Amino acid sequence: MGKLALRIAYDGTAFYGFQRQPGVRTVEDEVIRVLQKLGIIRDPVTSEFKGASRTDSGVSAFFNVVSFVPVPEKAHLATPRVLNHHLKDVWVVGVSEVPAEFHPRFWAKEKTYRYYLIDMGHDFGEMVKCARSFIGTHDFSAFARPEPGRDPVREVRSIEVIPRQGYYIVEVSGKSFLWEMVRRIVNAISYCGLGLLSREDVERMLSGEVDKKIPPAPPENLVLWRIEYEGITFETDEEGLKKARSEIFSRYSSALARAALFGDWLISL
């Protein structure tokens, strides 16, 4: 068996981001720890371990991808059923045998993020108008954290503001994103919906008039929702998903109970 790719989901609040950093727990550390523990890889360098998206501290993923070259006699252990038994706060939801030249970041055709924004009396129509301004190719210097050597020009292929009961989902798709770009776009849309920013302000900032910058929305409500690849299919097994569903439901029910508790406080005050 050659190179493998794993589709992974994770709770970003349990980690200090995706990328390995000294002295803190990261998603890469957790995945590599288990792969080495099971003998599937010897080390991240010789196994060519790579990740698709380096999500920030607190940001979750429903669809991120890592790839590596396994030790041949241990490759059969790289399944959701086996890996999810050992992983904590990370779930493998699919595996694919990929070409030797596959790179999870460079082969990605499109990435989609979702941000869950609480409805604070937003004007939905103004949010939608503001969101449309971001579609296309623009200089996102006012909507990203500076990164030396990285071109601030990016293409946003689509943005959708989806109303739900008590909150909105802001879904943003594009080929690649700058540091904090999605979270700053979300805050701009939120400000427009609250009357704190106009669509004209946004368009001036996108045209290069950067007299002010939009701060990022909190990371905990952001999730990397989907990555599109051409010709790559991720297979799963029901036993592996069973553990993932159980653990995710536990987090869901706990969060729902806490939300109900504070909801009653607000009603009673």
Side-chain angles (χ1 to χ4, degrees), residues 7-18 27 52-64 89-91 93 110-135 140 143-145 156-174 177-197 202 214-228 244-267:
R7 176 189 163 187
I8 60 173
Y10 49 85
D11 177 0
T13 62
F15 301 98
Y16 286 86
F18 179 86
V27 177
S53 184
R54 299 171 182 174
T55 50
D56 292 340
S57 178
V59 176
S60 298
F62 182 62
F63 195 134
N64 204 345
D89 306 309
V90 179
W91 303 278
V93 292
E110 184 171 274
K111 294 177 183 177
T112 297
Y113 285 88
R114 281 187 168 186
Y115 194 93
Y116 291 77
L117 179 68
I118 297 300
D119 184 0
M120 296 183 290
H122 292 85
D123 184 319
F124 175 63
E126 290 301 316
M127 293 172 73
V128 171
K129 291 177 185 176
C130 181
R132 288 175 185 152
S133 297
F134 289 102
I135 297 174
F140 283 92
F143 301 94
R145 189 168 172 178
V156 170
R157 294 176 179 170
S158 67
I159 295 187
E160 189 173 1
V161 181
I162 305 165
R164 295 280 177 89
Q165 187 67 41
Y167 65 96
Y168 296 94
I169 298 173
V170 182
E171 188 172 279
V172 186
S173 298
F177 296 91
L178 299 167
W179 196 0
E180 298 180 347
M181 179 175 154
V182 174
R183 290 195 282 137
R184 291 173 189 260
I185 288 174
V186 167
N187 244 1
I189 294 171
S190 177
Y191 290 172
C192 285
L194 294 171
L196 303 175
L197 193 70
V202 169
I214 301 297
E220 292 79 13
N221 295 348
L222 181 64
V223 58
L224 175 56
W225 185 248
R226 185 174 62 250
I227 304 178
E228 302 288 349
R245 288 193 188 102
S246 173
E247 293 183 1
I248 292 169
F249 179 78
S250 175
R251 289 162 201 251
Y252 166 76
S253 57
S254 177
L256 190 61
R258 294 288 287 173
L261 180 154
F262 287 116
D264 276 352
W265 285 17
L266 287 171
I267 293 169

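Residues take their numbers from the sequence shown, with the count starting at 1. Values below: every heavy atom of this structure, side chains too, minus hydrogens, waters and symmetry copies. Computed from a prediction, not measured in an experiment: that's the story for all the values here.
Side-chain contact between D11 and E247: absent, with no pair of heavy atoms (C-beta onward) separated by less than 4.5 Å. Between R183 and D56 the shortest side-chain heavy-atom distance falls below 4.5 Å. Under the 4.5 Å side-chain criterion, counting only non-hydrogen atoms from C-beta, V90 is in contact with F15.
Here L266 contributes atom CG and L261 contributes atom CG; the two are 10.0 Å apart, rounded to the nearest 0.5 Å. Distance CG/L224 to NZ/K111: 7.0 Å, rounded to 0.5 Å. Distance check: Y167 OH to I162 CD1 gives 9.5 Å after rounding to the nearest 0.5 Å. Considering OG1 of T13 and CG of D89, their distance stands at 7.5 Å, rounded to 0.5 Å. For the atom pair C130 SG and H122 NE2, the distance stands at 10.5 Å (nearest 0.5 Å).
Between the side chains of Y113 and S53, at least one donor N or O sits under 3.5 Å from an acceptor N or O.
Panel note: side chain D264, backbone I267; no donor-acceptor pair is recorded below 3.5 Å. Checked by atom type and distance alone, the side chain of Y115 pairs as donor or acceptor with a backbone atom of P218 at under 3.5 Å. R7 contributes a side-chain N or O that, together with a main-chain N or O of F62, makes up a donor-acceptor pair within less than 3.5 Å. In terms of modelled atom types and a separation under 3.5 Å, the side chain of S60 and the main chain of G12 share a donor-acceptor contact. Judged by distance alone, with hydrogens and angles left aside, the side-chain atoms of N221 form a donor-acceptor pair with the main-chain N or O of Y116 at under 3.5 Å.
We find that D123 and K129 are not joined by a salt bridge, their nearest charged nitrogen and carboxylate oxygen being 4.0 Å or further apart.
Ring-plane geometry between F140 and F134 is classed as parallel, the angle between the planes falling under 30 degrees on a 0 to 90 degree scale with a further cut at 60. Taking the six-membered ring where tryptophan is involved, the planes of Y252 and F249 are tilted, since the angle between them lies from 30° to 60°.
Minimum interatomic distance between A144 and R184 (heavy atoms only, all atoms of both residues): N-CD, 3.3 Å.
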